[in-house]
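Below: the structure, in structure tokens.
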There are 2 protein chains.
Amino acid sequence: MPDPDLAFAAHDHAHCAQDALARAEAVTAAAGARMTPVRRRVLEILLEEHKALGAYDVLARLAVEGFGNQPPVAYRALEFLVDQGLAHRIQRLNAFTACVHPGKDHAPAFLICRTCHMVAEAEASAARVSLDAEAAKAGFLVERSTIEALGLCPNCRGQA
Amino acid sequence: MPDPDLAFAAHDHAHCAQDALARAEAVTAAAGARMTPVRRRVLEILLEEHKALGAYDVLARLAVEGFGNQPPVAYRALEFLVDQGLAHRIQRLNAFTACVHPGKDHAPAFLICRTCHMVAEAEASAARVSLDAEAAKAGFLVERSTIEALGLCPNCRGQA
DNA sequence: CTTGACCTGTTATGATATTACATACATAGA
DNA sequence: TCTATGTATGTAATATCATAACAGGTCAAG
């Protein structure tokens, strides 16, 4: 993860989002998957901010733009994006966020600010190694793991 | 955590559960909290197996036993138990599991078997240290974190 | 024996997610 | 080009998870 925790830092977000979108196109092309209008639009919506959106929030946006307005429309597009590694599901929030580093094979930790609700990705490999090792002691084989932190982002810390 | 990953090992479960219950009484007494019939019963239900139960599963059990049969009855008892550290919420499952080590101040990782659905607690401090450090690099202050692993428990690995 | 805090129960509703089925589209093979 | 096949989308209906708001009951401190 070359640009850690981008989300909290001031950055050219238009560029950030456009870059992620371009990479997403490349990723799906490489995987032989189809980046359809709904899917692209959902990704764009998620990319607008470094926050997590609920499926119904996304759905509402889609509906006014003439896409379907039933839950499966949103859930399917979101599932596709998650499968392709273009978005992540935040368990703690029952919500979804665009991946900032599409293309990289990664399983990040998420830093969720309880005040401004921004969500950043953080490198999680060290934590995962510890977890896998601890699980191995019990004979448990970890296939996937969820690591999410709730707390205060640098900006909100300053204000408190 | 002195008896790591108890859940997956053969053990005298009646004793395990009874011990947890006894400690729970001690914990609540020490906290000046009330271990009422509903709350005790919910804890007992959770202690019957090393699995996670949804609030509505618990509620159904309560209802046939003459307790209230509306969701808040279960959610309130579960919330109480979680607050007291007597139960944990498993985010990934939207479900709850009894704490195996009540009284110890701990924030474990959870090992969730995708086949038999058993849930074990594992030591998470090393992983937490890594996570906190990584977050600190971004200026993020971690207040609480969720670490959950999905995979195969020793028993189910054997069968695969 | 009353007051105040807390617990329980109920109604109602809100929020999140999936199943099932019908229709439309895209692409590879005849 | 046509058409068969897999895949994507749209919709209705329903399942699952969770909370707000309020009424009544219990308990223990003063």
Side-chain angles (χ1 to χ4, degrees), chain A residues 24-25 28-29 31-46 51-84 86-97 117 146 148, chain B residues 24-25 28-46 51-84 86-97 112 117 146 148:
Chain A
E25 303 277 357
T28 51
R34 296 188 212 160
M35 180 56 90
T36 64
V38 208
R39 293 168 174 176
R40 180 177 297 104
R41 190 67 195 110
V42 169
L43 182 54
E44 287 170 359
I45 290 169
L46 291 181
K51 298 194 175 167
L53 285 182
Y56 280 75
D57 297 329
V58 170
L59 180 58
R61 302 282 307 265
L62 291 177
V64 302
E65 296 174 19
F67 294 97
N69 70 122
Q70 298 302 314
V73 172
Y75 280 102
R76 284 193 290 233
L78 289 165
E79 183 187 29
F80 171 85
L81 295 173
V82 170
D83 285 349
Q84 298 293 316
L86 303 174
H88 301 288
R89 180 178 197 129
I90 309 297
Q91 301 282 352
R92 184 134 203 151
L93 303 176
N94 292 324
F96 301 82
T97 189
H117 305 117
T146 301
E148 296 175 356
Chain B
E25 304 277 357
T28 50
R34 295 189 213 161
M35 180 56 90
T36 64
V38 208
R39 292 168 176 178
R40 181 177 298 104
R41 191 66 196 112
V42 169
L43 183 53
E44 287 169 0
I45 290 169
L46 291 182
K51 298 194 176 168
L53 286 182
Y56 279 75
D57 297 329
V58 171
L59 181 58
R61 303 281 309 265
L62 291 176
V64 302
E65 296 175 19
F67 294 98
N69 70 122
Q70 298 303 314
V73 172
Y75 279 102
R76 283 193 290 231
L78 289 165
E79 183 188 28
F80 171 85
L81 295 172
V82 170
D83 286 350
Q84 299 293 318
L86 303 175
H88 302 289
R89 180 178 197 127
I90 309 296
Q91 301 283 350
R92 182 134 202 150
L93 303 176
N94 291 325
F96 302 82
T97 189
I112 307 163
H117 304 117
T146 302
E148 296 174 356

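Chain identifiers are assigned alphabetically (A, B, ...) following the order of the sequence lines, protein sequences preceding nucleic acid strands; residue numbering begins at 1 within each chain.
Atom CZ in Arg39(B) sits roughly 12 Å away from atom C1' in dT26(D) (whole-Å rounding). Going from atom CZ of Arg92(A) over to atom P of dT16(C) covers 15 Å, rounded to whole Å. For the pair Leu59(B) CG and dG9(C) P, the interatomic distance rounds to 10 Å; values are reported in whole Å. Protein atom CD1 of Ile90(A) is 14 Å distant from nucleotide atom P of dT16(C), rounded to whole Å. Following rounding to the nearest Å, Phe80(B) (CZ) and dG9(C) (P) show an atom-to-atom distance of 15 Å. Taking atom CG of residue Leu81(A) and atom P of nucleotide dA8(D), one finds them 12 Å apart after rounding to whole Å. Rounded to whole Å, atom P of dC7(C) lies 15 Å from atom CZ of Phe67(B). Between Met35(B) atom CE and dC7(C) atom C1' there is a gap of 14 Å when expressed in whole angstrom units.
Ala74(A) and Val58(A) make their closest contact through CB-CG1, 4.5 Å (heavy atoms, listed as atom of the first residue, atom of the second, distance). Here the shortest heavy-atom pairing between Asn69(A) and Ala63(A) reads CB-CB, 3.6 Å. Between Leu93(A) and Ala52(A), the closest heavy-atom pair is CD1-CB, 4.0 Å. Arg89(B) and Asn94(B) get closest at one heavy-atom pair: NH2-OD1, 4.5 Å.
Two residues are said to be in side-chain contact when any heavy atoms from C-beta on lie closer than 4.5 Å; Leu86(A) and Leu46(A) fail this criterion.
Formation of a donor-acceptor pair under 3.5 Å by the Gln91(A) side chain with backbone atoms of Thr146(A) is not found in this model. Judged by distance alone, the side chain of Glu148(A) and the main-chain N or O of Arg92(A) form a donor-acceptor pair under 3.5 Å.
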Quick one: side chains of residues 37-44 of chain B, donor-acceptor pairs under 3.5 Å with protein atoms, not counting sequence neighbours, listed by atom name and distance.
| residue | atom | partner | partner atom | Å |
| --- | --- | --- | --- | --- |
| Arg39(B) | NH1 | Arg34(B) | O | 2.8 |
| Arg40(B) | NE | Glu25(B) | OE2 | 2.7 |
| Arg40(B) | NH2 | Glu25(B) | OE1 | 3.3 |
| Arg40(B) | NH2 | Glu25(B) | OE2 | 3.3 |
| Arg40(B) | NH2 | Met35(B) | O | 3.2 |
| Arg41(B) | NE | Glu65(B) | OE1 | 2.7 |
| Arg41(B) | NE | Glu65(B) | OE2 | 3.4 |
| Arg41(B) | NH1 | Glu44(B) | OE1 | 2.7 |
| Arg41(B) | NH2 | Glu65(B) | OE2 | 3.2 |

Footprint string (nucleotides 15-20 of chain D, 5' to 3'): B base within contact, S backbone only, - free, heavy atoms under 4.0 Å | --BBBB

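Here Thr36(B) contributes atom OG1 and Phe80(B) contributes atom CZ; the two are 7.0 Å apart, rounded to the nearest 0.5 Å.
Side-chain N/O atoms of Asn69(A) include one lying less than 4.0 angstrom from OP1 or OP2 on dT11(D).
Rounded to 10 degrees, the angle between the two end axes of the helix from dC1(C)-dG30(D) to dA30(C)-dT1(D) is 20°, with five pairs used at each end.
Looking at the side chain of Arg34(A), the nearest of the listed nucleotides dC7(C), dT9(D), dA26(C) is dA26(C). Here the side chain of Val73(B) is nearest to one of dC7(C), dT10(C), dG10(D), namely dT10(C).
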